[in-house]
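Comments concern the structure below.
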Amino acid sequence: MIIDDAIVAAFRTARPRDGYVVTDVLAEDGVLSVTCTDGTSSARLRVGLPSSGAPQWWLYMPAEDATDWVGQFLIWTDEEVQTSGLGPSRVRVDVDGVSHVIAENYGWRVTDPVEHARLHALAGPYGWHDVGRPEHDVLRGTSSSSTGNLPGHG
């Protein structure tokens with residue numbers, strides 16, 4: 001299993017993003033927190049790390065190491081930011097005065113409830129590529145549902 005500290009270290013060496021920055025990278029209790037800012041808008045994002053057992057929805061193939069995990073996570077983040085993910089099309093939740101977007105199996109939760117339901121059903125419990133299964137599920141052949149990443153959302 002890829003360890004949390006290795007993922008945080010890999011963020012420090014990740015290439016700069018096109019059109020936005022990722023800052024305030026923290027890992028605590030199996031949860032990764034990052035801030036994405038595009039110059040006019042920003043949002044905090046929290047996702048479960050492999051150690052948490054949470055689905056890894058952004059993975060399109062099993063990650064070889066922490067650098068690969070971060071690379072796949074940033075591709076997923078690129079797609080979200082570049083499709084207005086920091087704008088009003090995404091649900092925002094205020095946590096201790098900080099605006100958060102909510103990770104879902106299809107990306108960042110959209111504000112349209114019909115579109116959210118459609119995308120959620122299409123993506124399936126482990127994301128679009130069905131490789132984001134928690135390691136314990138793969139080893140045991142079991143399944144799990146979304147664990148949620150924010151208080152009151154899961």
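Just so it is clear, the structure is predicted and the values come from calculations on it, not from any experiment. These numbers come from the heavy atoms of this one structure, side chains and all, not from hydrogens, waters or symmetry mates.
Side-chain atoms of Thr37 never come within 3.5 Å of backbone atoms of Gly39 as a donor-acceptor pair (strictly under, hydrogens ignored). The closest donor-acceptor contact from the side chain of Ser89 to the backbone of Ser84 lies under 3.5 Å. Here the side chain of Gln56 pairs no donor or acceptor atom with the backbone of Gly127 at under 3.5 angstrom.
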Step by step, work out the side-chain contact (heavy atoms from CB on, under 4.5 Å) result for Trp108 and Thr83.
CA-CA 10 Å; Trp108 297 355; Thr83 57; over 6 Å; no
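The two residues Pro125 and Asn105 have their closest heavy-atom pair at N-ND2, 4.3 Å. When all heavy atoms of His100 and Leu45 are compared, the pair lying nearest together is CD2-N, 4.5 Å. Minimum interatomic distance between Cys36 and Leu86 (heavy atoms only, all atoms of both residues): O-CD2, 3.8 Å. When all heavy atoms of Gly85 and Val101 are compared, the pair lying nearest together is O-CG1, 4.0 Å.
Taking Ala14 as the reference, Val70, Leu74 meet the side chain to side chain contact (heavy atoms under 4.5 Å, CB included) condition, with sequence neighbours excluded. Every residue meeting the side chain to side chain contact (heavy atoms under 4.5 Å, CB included) condition with Ala63, not counting sequence neighbours, appears here in chain and number order: Ile2, Leu59, Asp68, Trp69, Gln72. Scanning for side chain to side chain contact (heavy atoms under 4.5 Å, CB included) contacts around Arg118 gives Glu115, Leu122, with sequence neighbours left out.
Within the 4.5 Å cutoff, the side chain of His116 has heavy atoms near those of the Arg109 side chain. The side-chain heavy atoms of Phe73 and Val47, taken from C-beta on, include a pair separated by under 4.5 Å. Within the 4.5 Å cutoff, the side chain of Leu49 has heavy atoms near those of the Ile7 side chain. Proximity of Ser33 to Arg44: side-chain heavy atoms (C-beta onward) are separated by under 4.5 Å at one or more points. Side-chain contact check for Trp57 versus His129: every heavy-atom pair is 4.5 Å or farther apart. Between Thr77 and Tyr20, some side-chain heavy-atom pair lies under the 4.5 Å cut-off. For the pair Ile102/Val93, a side-chain contact is recorded, criterion being any heavy-atom separation below 4.5 Å from C-beta on. At a threshold of 4.5 Å between non-hydrogen side-chain atoms, the residues Leu32 and Arg46 do not count as touching.
Cluster membership for Met61 and Ile75, using ILVMFWY side-chain heavy atoms within less than 4.5 angstrom, is shared.
Sorted by first and then second residue, the salt bridge (Lys or Arg N to Asp or Glu O under 4.0 Å) pairs involving residues 122-132 (not counting sequence neighbours) are Asp130-Arg133. Sorted by first then second residue, the salt bridge (Lys or Arg N to Asp or Glu O under 4.0 Å) pairs that include residues 81-90, not counting sequence neighbours, are Glu80-Arg90.
More than 12 heavy atoms of other residues, nucleotides or ligands shown are found within 6.0 angstrom of CG on Asp94. Applying the 6.0 Å contact sphere to CG of Asp5 captures no more than 12 heavy atoms from other residues, nucleotides or ligands.
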Would you mind writing out the side-chain donor-acceptor pairs for residues 21-30 within the sub-3.5 Å range, not counting sequence neighbours?
none

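Aromatic ring orientation, Trp76 versus Trp58: tilted (interplanar angle from 30° to 60°).
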